[in-house]
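Report on the following structure.
Along the sequence shown, residues are numbered consecutively beginning with 1. Note that ligands are numbered from 1 as they come in the structure, with each ligand's atoms numbered from 1 the same way.
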Amino acid sequence: MASRMLAAFDVVGDISPVSAPTSPVSNGHPNGAPNGHPNGVPNGHANGHANGHANGHANGHANGHVNGHANGHANGHANGAPNGYSNGYPKGTNGLASRKVSLADSPTVELNNHINGHHHSNMNNNGAPLKQKCHMLTKQQTQAVFPKRAAVNLQFSDITCNAVTFDVPKRRIYRKQILHGVSGEFRSGELTAIMGPSGAGKSTLLNVLAGFTLRGAAGQVAVNGQVRDDKRPQAFRRLCCYIRQDDALRPLLRVQELMVLAANLRLGYTLSGEAKRNKVREVLAMLGLRGHEDTAAGMLSGGQKKRLSIALELLCNPCIIFLDEPTTGLDSSSTTQCVSLLKSLALQGRTVVCTIHQPSALLFEMFDHLYAVSAGRCVYQGDVKGLVPFLGTQGMLCPPYHNPADFLMEVSSGDFGIGVDALAEAAAKNSSRQPVVLPGTTLVEDEIISSPPPPAAMYMQFYLLLMRNITIMRRDVSGIFLRAFMHIFIGFVFGYLYRGVGNNGHDVLANVVYLYGSNLFLVYTGQMAVTLAFPLEVDVLTREHFNRWYSLPPYLLSVILVELPLQAVLCTTYLVPSYLLTAQPLDLFRATHFYTFATLASLTAQGCGFLFGATTPITISVFLGPVFAVLLSIFGFCIWYRDIPMIFMWLYHISYFRAAFQGCVYAMYSYGRALLPCVPRYKGLHNETTELHHITYCHYRAPVKILNEMDISGVDFWESVCTIIAFCSIIYIATVFVIWFRLNRR
Ligand SMILES: Nc1ncnc2c1ncn2[C@@H]1O[C@H](COP(=O)(O)OP(=O)(O)OP(=O)(O)O)[C@@H](O)[C@H]1O
């Protein structure tokens with residue numbers, strides 16, 4: 001475990017050859033430093049013991065827990081955070097000025113503390129110095145990667161959240177209160193863990209604090225004392241990023257490509273290309289992803305994906321980082337790496353808040369601040385090391401050698417007979433944390449201290465996203481090949497089954513079926529491809545849009561401009577073989593009309609696919625899409641105009657499928673087409689096709705006859721085209737509206 005963790009830091013050394021911190025101690029808030037061991041482990045270890053015993057777990061717990069593994073580590077926290085804060089900014093006098101020094105100095109120190117602390121516990125209980133090198137960024141390098149931004153404390157008070165659900169079988173509406181008026185503060189420079197049993201409301205709280213979901217939520221969130229205006233979330237969003245549990249990355253893009261794209265979108269073009277490349281290099285190095293630049297995101301391990309998600313957001317140097325269960329699905333080594341990384345980000349002055357499930361004892365102690373939630377109530381907030389004493393005061397003694405995180409879970413699940421209400425009440429009394437308002441740091445002033453460069457302009461966003469989509473399409477060779485193959489294959493199958501029907505008076509009805517089938521096939525393929533793909537796309541879109549990578553119009557335009565031509569090409573691969581094999585007229589005018597209608601129908605169906613994919617879960621959209629397509633396809637083929645009941649007449653008129661199908665039939669049999677040859681065919685018992693020349697009656701010899709019978713002798717090309725385009729436009733506008741609503745509904 002340890003070696004992997006170090007390996008990650010070694011990578012950092014590529015751009016920042018080892019540098020022992022020079023004067024890390026005096027100002028450092030996380031002090032691990034104060035007594036700690038910027039350079040030497042033995043010292044830190046000794047102090048760790050002393051302080052751990054003295055401050056922390058003096059009763060019962062001390063013997064087991066402290067002597068076990070937590071010591072070297074506990075030292076850093078025990079002495080570190082509290083002193084750091086009192087020295088650093090809570091006293092408020094020098095606020096930012098003192099932070100500027102302390103935060104820049106601290107990462108090296110504290111991480112060494114961590115790493116050494118771990119080694120003490122796991123590998124070196126005798127206190128022997130560990131011979132290891134930890135390559136970390138120096139103060140200058142850290143500041144070069146992440147210029148100073150304001151320290152941001154996040155206060156929240158009386159947060160409630162209600163969910164409304166509808167029970168379909170019982171036909172009843174249920175209201176459920178998920179959060180019951182929780183309050184607290186998450187501070188700059190601290191790594192905060194939100195912990196609690198499953199279903200306690202951790203993710204809900206994180207969502208509300210990040211501003212990701214505000215439906216049903218009430219209460220107040222303030223940034224450095226300034227109340228957040230949820231109606232104008234932009235100012236807050238400029239300060240923070242939210243990394244959700246699912247790594248919504250584009251699997252076909254390489255790490256470097258994703259980073260460069262993110263840099264271009266988010267850092268815009270006021271920075272030179274070289275500066276952005278440097279920044280990408282530095283962030284990748286910091287997150288231990290150097291050497292993986294050419295690896296596709298889909299091929300990264302779980303831990304690497306998590307780090308890449310963080311790297312992408314770090315490019316614009318957020319003040320607050322929210323992470324929902326960043327360690328879920330990671331092995332213990334990757335989990336430690338991930339939390340170490342978060343710790344180092346916090347130590348650089350960020351406010352880092354994450355939800356986490358039952359961490360190991362080691363991991364637990366890496367957090368500075370714990371916010372425990374159970375059944376929507378806060379059951380503890382404060383220093384991690386204060387948890388066991390607090391529970392002790394409530395009569396719940398953590399057994400020796402027991403992981404306090406596990407103990408917390410057991411207690412808050414009610415295993416010790418104390419109710420959540422009683423615990424929450426005790427926690428409220430115990431909480432000694434007073435809100436700290438940092439002087440001179442408001443949402444507006446943050447811009448003055450250091451605002452990230454302006455993001456790319458809209459047209460550049462469009463260009464960058466278009467290039468990204470083209471690259472993804474080019475990489476998805478197997479997907480595109482399969483789609484093309486299926487179109488060609490079905491083109492030949494249809495062509496064979498209906499061979500020759502396009503130029504035979506006896507086969508006019510068969511040809512009408514071919515035209516109907518062709519439209520239906522292209523409508524299905526156009527619709528289903530995006531219906532299935534778009535819900536997956538929505539996850540990435542939600543993450544990127546929430547974190548302010550780009551606006552919706554350039555995004556949608558870039559998607560449509562890649563999908564439309566692709567679908568048009570796929571239509572061609574079907575239409576050409578089937579058209580030729582079915583012996584449709586070799587007349588450019590008719591062929592163009594046919595192609596225009598069939599392709600327009602397919603592209604409109606694609607719009608429906610976007611709409612269904614964006615509005616409904618995939619299990620519903622795969623059902624709803626085809627039903628809608630079939631419904632609209634009935635009119636004009638299964639039922640003719642004169643037979644349609646009044647009540648359904650509107651469906652006839654809006655049906656893009658009907659307009660396209662009738663346009664195709666009209667193109668084949670109107671515009672003065674000559675009398676058709678009548679070659680009746682009879683399929684004999686032995687499958688031979690025999691021409692029966694003696695049959696003389698040929699009902700559809702005159703092409704206009706089928707048009708009259710189908711009631712479509714008056715089709716107007718432009719009217720049909722306009723009907724389809726109008727329908728298509730409405731569908732796309734509805735899609736834009738629905739996606740916009742989904743992305744902005746909070
Ligand atoms: N939209 C919703 N409608 C109804 N109930 C909801 C909704 N969102 C969350 N809940 C319920 O609220 C409770 C808390 O959910 P939340 O996801 O915040 O828990 P959690 O602590 O993050 O759980 P876990 O650790 O298992 O992810 C759960 O019981 C959940 O079923």
Side-chain angles (χ1 to χ4, degrees), residues 156 158-184 186 192-219 221 242-248 302 306 309 321-330 335 338-339 352-360 363-364 367 369-381 403 405-415 419-421 423-424 427 538-539 542-543 546 615-617 619-620 741-746:
F156 54 99
D158 210 13
I159 302 285
T160 57
C161 187
N162 296 293
V164 178
T165 47
F166 183 66
D167 189 327
V168 179
K170 292 184 183 161
R171 277 170 285 149
R172 278 186 59 187
I173 292 176
Y174 289 97
R175 278 172 219 287
K176 177 176 180 183
Q177 185 156 9
I178 304 173
L179 296 175
H180 299 261
V182 292
S183 306
F186 300 150
T192 298
I194 301 180
M195 277 180 60
S198 184
K202 303 181 292 294
S203 302
T204 307
L205 176 60
L206 199 70
N207 283 339
V208 173
L209 294 180
F212 189 76
T213 312
L214 296 171
R215 249 172 312 153
V221 178
Y242 185 22
I243 298 159
R244 298 177 69 201
Q245 192 178 347
D246 44 345
D247 302 303
K306 203 64 79 181
S309 299
I321 303 177
F322 296 103
L323 303 104
D324 194 8
E325 298 187 19
T327 57
T328 298
L330 304 188
T335 299
C338 182
V339 177
V352 184
V353 184
C354 68
T355 59
I356 190 161
H357 271 286
Q358 270 178 287
S360 67
L363 212 59
F364 185 58
F367 289 92
H369 182 232
L370 172 66
Y371 196 89
V373 184
S374 180
R377 288 180 174 79
C378 172
V379 291
Y380 176 76
Q381 59 176 313
N403 177 0
D406 292 342
F407 189 59
L408 171 66
M409 290 297 156
E410 289 153 18
V411 169
S412 47
S413 304
D415 292 0
V420 170
D421 289 343
L423 207 54
V538 167
D539 285 341
T542 306
R543 176 178 71 80
F546 182 78
T615 39
T616 53
T619 45
I620 295 178
F741 183 72
R742 261 188 85 164
L743 293 179
N744 291 288
R745 183 187 53 167
R746 303 261 162 250

Which is closest to atom 23 (O) of ligand 1 in terms of heavy atoms, Gly201, Ala375, Gly199?
-> Gly199
Backbone, side chain, both or neither: what part of Ser203 comes under 4.0 angstrom of ligand 1, heavy atoms only?
-> both
How about Ser183 and Asp158: does a side-chain donor come under 3.5 Å of a side-chain acceptor?
-> no
For Pro197 and ligand 1, answer yes if some heavy atom of the residue is under 4.0 Å from a ligand atom, otherwise no.
-> yes
Give the residue, atom name and distance (to 0.1 Å) of the protein heavy atom nearest atom 5 (N) of ligand 1.
-> Ala163 CB, 3.8 Å
Residue, atom name and distance, where the atom is the protein heavy atom closest to atom 4 (C) of ligand 1 = Thr165 CG2, 3.3 Å
Can you name the nearest heavy-atom pair linking Leu363 to Thr335, along with the distance?
-> CD2-CG2, 3.0 Å
Protein contact to atom 27 (O) of ligand 1 [nearest heavy atom, distance to 0.1 Å] | Glu325 OE2, 3.3 Å
Candidate with minimal heavy-atom separation from atom 25 (O) of ligand 1, of Arg215, Lys202, Gln177 = Lys202
Check ligand 1 against Ile178 and write out every atom of the ligand that is under 4.0 Å from a heavy-atom position of the residue.
-> 6 (C), 7 (C), 8 (N), 9 (C), 10 (N), 11 (C), 12 (O), 13 (C), 14 (C)
Do me a favour and list the nearest non-hydrogen protein atom to atom 11 (C) of ligand 1 with residue, atom name and distance?
-> Lys176 NZ, 3.7 Å
Close side-chain approach of Leu214 to Val208, heavy-atom, < 4.5 Å | yes
Taking the side chain as every heavy atom from C-beta outward, state whether Phe367 and Val339 have any pair of such atoms under 4.5 Å apart.
-> yes
Minimum-distance protein heavy atom relative to atom 26 (O) of ligand 1 = Ser198 OG, 2.6 Å
Are any of the side-chain heavy atoms of Lys176 and Thr165 separated by less than 4.5 Å?
-> no
Give the contacting part of Thr204 toward ligand 1: side chain, backbone, both or neither, where contact means a heavy-atom distance below 4.0 Å.
-> both
Determine yes or no for a side-chain-to-main-chain donor-acceptor pair under 3.5 angstrom, with Lys202 supplying the side chain and Ile194 the backbone.
-> no
Here the atoms of ligand 1 under 4.0 Å from any heavy atom belonging to His357 are 24 (P), 25 (O)
How far apart are the closest heavy atoms of Thr328 and Glu325, and which atoms are they?
-> OG1-OE1, 2.9 Å
Kindly say whether the aromatic ring centers of Phe322 and Phe212 come within a distance under 6.0 Å.
-> no
